[in-house]
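In what follows, every heavy atom counts, from backbone to side chain, and hydrogens, waters and symmetry copies are set aside.
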Amino acid sequence: MTDPITQAARALRETYQGESASNAFTRTRVLAAVRKQRQRRTLRWALGIPLAATLFGSVAWAGTTGRLAVLATRLVDTLSWRSTPSESAPSSDQAKPKARTRSRQVTGTTPAPAPSHSAPPESTEQPLAPELDAQAARAPASASPPAEAPARSSTPVDDARTLRDLSLYGEAHDAHFVDRDPERALLAWNRYLREMPKGRFATEARYNRALTLVRLGRYQDAKQALLPFANGSFGTYHQKDARALLDSLEQRAP
Amino acid sequence: MTSAGLELCRYVDAEHERKNSEEDLRTRLAEGSLAAVGEAYDRYHTHVRALGQRLIGERESVEDLVQEVFVALPRAIRRDRREATLKTFILSIAVNCSRHHVRSAVRRRTALGRLASMPPADSTDPERHVGQLELADLLVELLDDLPHDQRVAFVLSDVEERSSPEIAAIVGVPEATVRTRLFHARRKLREALERKGVSP
């Protein structure tokens, strides 16, 4: 007698022999599906290649014209501004937005104070002043406003430097505009410019330092400090104010 | 030349022609030719369907499997290393695609009660036909309890009567593995058939 497995296997083989009433229908379905697949692939290429070419061309063009670096810098700046608060220490966190807000106030609305007649006491910043003014005079006419900082990459070192920048600026700003202590303010502005000669707020710091010199009655130093602004070494940044102040100083201390 | 020699020449020529035409078909399939897909379907659909029916144990859902296999063919053939014939390659796609179809069929059978859905017998010898259908049906039911790999090995070997090297090429495992799977499948099926009262 035959093995039951062989018997069952034969039964299964003879029952199912691959015949089907819907063979023709399945063939049509297969061909339609393959055709659709081909159309999708063609469409993908037809869209993908021009898109990739456009992207590649744009990047190449931006790279050649130097705009890519500018865009990358702006992007990095934006990201670093957004990411720094969560990464930094709490004390630095407080300093940064404060200083940023103040910098806007200074650039936009800080009035040029009138020359004061009070005799200023000599301070420790004296030897630094000519050096700073020389730096200011060397600054190019197309110097950008403080908000457009030079290209930086978002490394931890840069983050720490940015925080230091803000902290020093905040300190000087408080002494100048909140405490209204010109001596301390001058020391603080000098310190800022010594540590951050190319800092984010270096231009503002130079202008505010000139104002402090006027307040302290050091008119010659003040003239020297204001001259680059009046000449347009920093573009139009407080150019008119600087000219007006220089005129006023000329009348008082020829 | 003797008639045996002539026969041999004819056989060699036919084989050469088959290989050439298969090579050509492979190339056209890899290029995504619609006509080539149609040609492959016409040549191999019966084999794929029969294997599908025997693996799944029903006719209803096999058309989906057949469609899946031939739609996947142009893409799959571009990755083929041409170690087997086109038929073996297509059957290996069918085996790979069959897993979820088998699983669905087993679920359906469990839920509905398979015997109730059997087609009526229409043979000239109704008793014999019904007996055969019942036996096939019983085997499918028992196959549902086997792991998929053992099920595939058993169907390819005992039902489709393929050799171990061919099964190894279709399934993509060594021959020794095929033989091991077959051994376990047969042992389990024999025990199950004995429990059901089917004995030699």
Side-chain angles (χ1 to χ4, degrees), chain A residues 1-64 67-68 71-72 75 79, chain B residues 32-38 40-42 45-59 62-75 119 129 131-140 142-143 154-155 157-161 185-186 189-190 193-194 196 198-200:
Chain A
M1 196 167 179
T2 325
D3 178 22
I5 292 186
T6 314
Q7 233 181 316
R10 192 196 302 142
L12 186 61
R13 183 168 56 246
E14 287 172 4
T15 305
Y16 298 117
Q17 293 186 330
E19 76 290 351
S20 169
S22 50
N23 172 33
F25 177 62
T26 306
R27 190 182 193 278
T28 312
R29 272 167 65 195
V30 166
L31 294 181
V34 172
R35 188 180 292 123
K36 198 175 263 182
Q37 208 176 45
R38 277 180 61 187
Q39 281 170 348
R40 268 203 302 268
R41 200 171 51 234
T42 311
L43 188 68
R44 210 177 299 142
W45 280 107
L47 288 175
I49 288 175
L51 277 176
T54 308
L55 183 68
F56 180 77
S58 308
V59 171
W61 174 79
T64 314
R67 287 165 196 243
L68 189 63
L71 282 174
L75 186 67
L79 291 176
Chain B
S33 157
L34 212 58
V37 176
Y41 182 90
D42 293 339
H45 75 95
T46 314
H47 299 93
V48 173
R49 189 174 287 107
L51 175 61
Q53 287 172 348
R54 290 161 186 168
L55 271 176
I56 298 170
E58 62 181 36
R59 290 188 171 82
V62 172
E63 295 309 306
D64 289 341
L65 172 69
V66 174
Q67 184 188 350
E68 207 174 312
V69 169
F70 286 100
V71 169
L73 182 58
R75 189 175 288 181
H129 191 78
Q132 201 170 30
L133 281 177
E134 280 177 356
L135 194 54
D137 185 43
L138 179 63
L139 181 59
V140 169
L142 299 178
L143 284 172
F154 180 81
V155 169
S157 170
D158 288 39
V159 181
E160 300 220 322
E161 297 179 312
R186 283 175 186 151
L189 287 172
R190 185 166 289 117
L193 282 168
E194 277 171 14
K196 294 275 181 185
V198 182
S199 52

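With sequence neighbours left out, B:Glu63 forms a salt bridge (Lys or Arg N to Asp or Glu O under 4.0 Å) with B:Arg49.
The structure places CD of B:Glu160 at 9.0 Å from CG of A:Leu12, a figure rounded to the nearest 0.5 Å. A:Thr28 OG1 to B:Gln67 CD: the interatomic distance, rounded to the nearest 0.5 Å, is 10.5 Å.
Looking at B:Leu143, only its side chain comes within 4.5 Å of chain A, counting heavy atoms on both sides. With a 4.5 Å cut-off on non-hydrogen atoms, A:Gln37 touches chain B through its side chain but not through its backbone. For a residue to count as touching a neighbouring chain, one of its non-hydrogen atoms must lie under 4.5 Å from one of that chain's; by this rule B:Tyr41 touches chain A with the side chain only.
Between chain B and the options A:Ala33, A:Ser22, A:Ser20, heavy-atom pairs under 4.5 Å are most frequent for A:Ser20. Here A:Thr26 is the residue among A:Leu31, A:Val34, A:Thr6, A:Thr26 with the most heavy-atom pairs under 4.5 Å with chain B.
Using a 4.5 Å heavy-atom cutoff, the side chains of B:Arg186 and B:Asp158 are in contact.
Sorted by first and then second residue, the pairs that involve residues 27-45 of chain A and meet salt bridge (charged side-chain N to carboxylate O under 4.0 Å, His left out), not counting sequence neighbours, are A:Arg27-B:Asp42, A:Arg29-B:Asp64.
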